[in-house]
Amino acid sequence: MRTLLSSISLLLALPLAAATVTVTTQPAGDGVLIDSTGDGIVNQAMSLQADGPDREAVTGKIWRQNRKAVFEFQLPELATPIKKATLRLSPNGKFGCHPEKEDAHGPETDLYFYLAPEADGKIELTDDTGEKIGRVMEAKPAERKLNSALPVSFDVTEAVKKAAAAKSGWIGFRLEAAENAPTGIAWRWRTSEFAAASGKQHAPQLIIVTE
């Protein structure tokens with residue numbers, strides 16, 4: 001009996017293994033915000049459709065527009081504290097950017113996050129809000145392997161912790177070109193619509209590891 005109690009005490013003293021939860025966007029919850037006039041105010045919100053010509057969200061000042069890629073995730077209920085959270089996106093195309101050519105790249109890019117009620121699983125003009133996480137993409141070619149863009153990961157731990165503390169059921173992330181970024185270049189991100197057509201591994205993912 002003493003041996004059994006000692007074994008139980010030892011098990012209780014050991015740290016529990018971390019749990020990993022992965023959530024993805026839905027078709028209504030990823031897309032782009034567009035400033036089509038250059039006045040710094042977005043005037044179009046677009047959630048890309050699976051049967052449309054595009055299955056990508058673009059970040060950059062291109063086509064006389066400033067396009068901001070947006071991804072919204074419904075947050076799961078978590079019983080334990082958050083240890084780490086990662087936003088994982090897959091660049092689209094052979095080089096992950098526009099123009100589509102070797103050694104091309106998108107602009108310096110900043111990442112923002114925002115919570116409910118603006119984050120609600122739908123792309124809307126009010127999604128152009130929130131708190132800046134920081135500079136996450138430099139103006140240089142994305143890493144590639146076998147001519148395919150590798151997924152790009154961003155640390156969003158503090159943002160997801162703030163969402164949990166605020167009891168927000170949703171969190172949104174917005175990637176936009178830096179204020180001084182040049183025109184004519186952009187990053188291209190695969191959306192849930194792309195994943196529905198080409199494989200779930202391409203879906204935008206929010207990966208949460210709990211303690």
Side-chain angles (χ1 to χ4, degrees), residues 19-34 45-60 62-63 65 67-76 84-107 109-114 119-124 127 133 136-157 159-160 170-177 185-209:
T20 301
V21 178
T22 300
V23 291
T24 60
T25 56
Q26 297 300 313
D30 53 27
V32 291
L33 298 177
I34 302 172
M46 183 168 59
S47 176
L48 307 173
Q49 300 301 312
D51 58 353
D54 298 317
R55 293 170 180 164
E56 65 181 20
V58 172
T59 297
I62 191 170
W63 309 311
Q65 302 172 343
R67 291 194 164 214
K68 306 176 182 184
V70 180
F71 303 91
E72 294 191 357
F73 299 87
Q74 187 169 17
L75 292 172
K84 185 175 179 60
T86 303
L87 172 64
R88 181 174 293 173
L89 302 175
S90 293
N92 195 26
K94 188 175 180 180
F95 303 106
C97 62
H98 179 90
E100 178 80 341
K101 63 181 183 180
E102 192 169 4
D103 295 327
H105 56 75
T109 299
D110 297 326
L111 177 62
Y112 294 78
F113 80 95
Y114 56 97
D120 57 3
K122 295 177 290 185
I123 304 304
E124 300 167 312
D127 296 337
I133 294 175
V136 293
M137 296 289 289
E138 300 297 332
K140 61 182 181 180
E143 184 179 0
R144 293 179 292 118
K145 182 179 182 181
L146 299 178
N147 291 329
S148 295
L150 293 171
V152 178
S153 295
F154 308 113
D155 185 348
V156 294
T157 305
V160 176
W170 291 82
I171 188 169
F173 296 100
R174 189 178 68 257
L175 288 144
E176 59 181 77
I185 59 174
W187 296 112
R188 303 166 57 199
W189 308 107
R190 291 171 177 168
T191 63
S192 56
E193 291 85 349
F194 187 101
S198 303
K200 62 182 181 181
Q201 71 272 19
H202 302 293
Q205 297 180 337
L206 178 62
I207 304 167
I208 302 172
V209 179

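Along the sequence shown, residues carry numbers from 1.
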Exercise. Roughly how far, to the nearest 0.5 Å, is CD of Gln201 from CZ of Arg190?
Worked result: 8.5 Å
Problem set entry | Side-chain heavy atoms of Thr25 within contact of Gln205, under 4.5 Å | no
Seminar exercise, completed: Rounded to the nearest 0.5 angstrom, the CG-CE distance for Asp110 and Met137 is 12.0 Å
Problem set entry | Test log, rule side-chain contact (heavy atoms from CB on, under 4.5 Å), inputs Met46 and Arg67 | CA-CA 10 Å; Met46 183 168 59; Arg67 291 194 164 214; 3.8 Å; yes
Exercise. Any side-chain heavy atom of Ile208 sitting closer than 4.5 Å to one from Thr20?
Worked result: no
Problem set entry | Within-4.5 Å side-chain heavy-atom neighbours: Ile185 and Pro99 | yes
Problem set entry | Donor-acceptor contact present, side-chain Ser153 to main-chain Thr86, <3.5 Å | no
Exercise. Are side-chain heavy atoms of Arg88 and Ile207 found at a separation under 4.5 Å?
Worked result: yes
Exercise. Can you find a heavy atom in the side chain of Val23 that is under 4.5 Å from one in the side chain of Leu75?
Worked result: no
Problem set entry | SB check Glu176 Lys68 (cutoff 4.0 Å) | yes
Problem set entry | Ala57 versus Ala69, closest heavy-atom pair with distance | CB-CB, 3.8 Å
Exercise. Under the criterion side-chain contact (heavy atoms from CB on, under 4.5 Å), which of Phe173, Tyr114, Tyr112, Trp189 is the partner of Val70?
Worked result: Tyr114
Exercise. Can you find a pair of side-chain heavy atoms, one from Leu175 and one from Val136, that are under 4.5 Å apart?
Worked result: yes
For this session: Hey, could you give me the CD1/CD1 distance between Ile34 and Ile62, rounded to the nearest 0.5 Å?
Result: 11.5 Å
Exercise. Would Asp30 and Ser192 count as having a side-chain donor-acceptor pair, cut-off 3.5 Å?
Worked result: yes
For this session: Of all the heavy-atom pairs spanning Gly60 and Ala177, show the shortest one and how long it is.
Result: CA-CB, 4.1 Å
Exercise. Nearest 0.5 Å, what's the CZ-CZ distance between Arg174 and Phe113?
Worked result: 11.0 Å
Problem set entry | Note, Ile171 side chain near Val156 side chain (heavy atom, < 4.5 Å) | no
Exercise. Under the 3.5 angstrom rule, does the side chain of Glu72 hit a backbone N or O of Gly121 as a donor-acceptor pair?
Worked result: yes
Problem set entry | Exercise: identify the closest heavy-atom pair between Leu89 and Pro91 | O-CD, 3.6 Å
Exercise. With a 4.5 Å heavy-atom cut-off, do Trp187 and Val58 have their side chains touching?
Worked result: no
Problem set entry | Steps toward side-chain contact (heavy atoms from CB on, under 4.5 Å) verdict (Asp127, Leu33) | CA-CA 8 Å; Asp127 296 337; Leu33 298 177; 4.0 Å; yes
Exercise. What pairs with Asp120 under salt bridge (charged side-chain N to carboxylate O under 4.0 Å, His left out), at least two apart in sequence or on another chain?
Worked result: none
Problem set entry | Distance (rounded to the nearest 0.5 Å) between Lys140 NZ and His105 NE2 | 10.5 Å
For this session: Considering non-hydrogen atoms only, spot the tightest contact between Thr24 and Ala203 and give its length.
Result: CG2-CB, 4.1 Å
Problem set entry | Minimal non-hydrogen separation, Ser47 against Pro27, with atom names | OG-O, 2.5 Å
Exercise. Does a salt bridge link Glu56 with Arg188, judged by any charged N lying under 4.0 Å from a carboxylate O?
Worked result: yes
Exercise. Would a distance-only check, ignoring hydrogens and angles, find a side-chain to backbone donor-acceptor pair under 3.5 Å from Glu100 to Lys94?
Worked result: yes
For this session: Take Phe71 and Leu206 through the test side-chain contact (heavy atoms from CB on, under 4.5 Å) and record every step on the way to the result.
Result: CA-CA 10 Å; Phe71 303 91; Leu206 178 62; over 6 Å; no
Problem set entry | Donor-acceptor pair, side chain of Thr157 and main chain of Asp155, under 3.5 angstrom | no
